[in-house]
Amino acid sequence: MTFSQILAGLVSAGNLYLGTRFLLNVVGLLQTTKYGPVATGIYAALFIGLGFGALYAAFWLDNGRLALLLSVGPWVIILAGLVISMIIGYNNG
């Protein structure tokens, strides 16, 4: 087991935790989110999907680099979406 696999596993565990919390907010079991239901659902899908993908790449495919890319993926996608929304100046009000 390499360092990249261990690091990807830790980041993926955090991603799965956050994705589960977002999913519970979408379902209505938690009321801790400040985002709308559609955005929360997108966050849940990103974190859970890429978290499981990174774990699969790390431990079944034995590919640490791919696992690191997949585990950092939701953070990069969400950050890019936030930057784009700040640039175009979209708001609901």
Side-chain angles (χ1 to χ4, degrees):
M1 185 175 293
T2 63
F3 177 72
S4 61
Q5 289 175 321
I6 294 170
L7 185 61
L10 291 173
V11 174
S12 295
N15 288 346
L16 291 173
Y17 171 74
L18 286 174
T20 304
R21 287 186 57 93
F22 282 127
L23 184 65
L24 290 175
N25 275 305
V26 170
V27 174
L29 295 176
L30 283 178
Q31 299 294 324
T32 59
T33 188
K34 61 183 177 180
Y35 306 110
V38 174
T40 306
I42 291 171
Y43 295 159
L46 278 173
F47 280 113
I48 291 173
L50 290 176
F52 278 127
L55 288 177
Y56 178 75
F59 299 113
W60 281 276
L61 297 180
D62 201 29
N63 191 344
R65 286 185 176 175
L66 178 62
L68 279 175
L69 285 174
L70 288 174
S71 64
V72 175
W75 298 99
V76 172
I77 292 170
I78 290 171
L79 181 64
L82 290 173
V83 168
I84 290 170
S85 70
M86 286 181 357
I87 289 173
I88 64 174
Y90 174 77
N91 65 16
N92 289 331

Next item on the list: Please assess Leu50 against Ile77 for the test side chain to side chain contact (heavy atoms under 4.5 Å, CB included), listing each intermediate value before the final yes or no.
Entry: CA-CA 11 Å; Leu50 290 176; Ile77 292 170; 4.3 Å; yes

Next item on the list: For the pair Trp75 and Phe47, evaluate side chain to side chain contact (heavy atoms under 4.5 Å, CB included) and give the outcome as yes or no after the intermediate values.
Entry: CA-CA 9 Å; Trp75 298 99; Phe47 280 113; 3.7 Å; yes

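For the atom pair CG of Leu82 and CD1 of Ile87, the computed distance is 11.0 Å after rounding to the nearest 0.5 Å. Leu66 CG to Leu61 CG: the interatomic distance, rounded to the nearest 0.5 Å, is 7.0 Å. The distance from the CG atom of Asn63 to the CG atom of Leu70 is 9.0 Å, given to the nearest 0.5 Å. Between the CG atom of Leu16 and the CZ atom of Arg21 there is a distance of 14.5 Å, given to the nearest 0.5 Å. We find the OG1-CG distance between Thr2 and Asp62 to be 7.0 Å, quoted to the nearest 0.5 Å.
What you find for Ala67 and Ala8 is that their closest heavy atoms are CB-CB, 3.6 Å. Looking at every heavy atom in both residues, Ala54 comes nearest to Ser12 through CB-OG, 3.1 Å. For the residue pair Gly51 and Asn15, the shortest heavy atom distance occurs at CA-CB, 4.4 Å.
Between the side chain of Gln5 and the backbone N or O of Ala58 there is at least one donor-acceptor pair closer than 3.5 Å. Asn25 places a side-chain N or O within 3.5 Å of a backbone atom of Thr32 that can act as its donor or acceptor partner.
Hydrophobic clustering (side-chain heavy atoms under 4.5 Å, transitive across Ile, Leu, Val, Met, Phe, Trp, Tyr) groups Leu55 together with Ile6. Cluster membership check: Phe3 does not share its hydrophobic cluster with Leu69, using side-chain heavy-atom separations under 4.5 Å among Ile, Leu, Val, Met, Phe, Trp and Tyr. Leu68 and Met1 fall into different hydrophobic clusters, defined by Ile, Leu, Val, Met, Phe, Trp and Tyr side-chain heavy atoms under 4.5 Å apart, directly or through other members. Both Trp60 and Leu10 belong to a common hydrophobic cluster when Ile, Leu, Val, Met, Phe, Trp and Tyr are linked at side-chain heavy-atom distances under 4.5 angstrom. In the hydrophobic cluster analysis, where Ile, Leu, Val, Met, Phe, Trp and Tyr join through side-chain heavy atoms closer than 4.5 angstrom, Val27 is grouped together with Leu30.
The local environment of CZ in Phe59 is crowded, with over 12 non-hydrogen atoms from other residues, nucleotides or ligands closer than 6.0 Å.
Between Tyr35 and Phe22, the ring planes lie tilted relative to each other; the angle falls in the 30° to 60° range.
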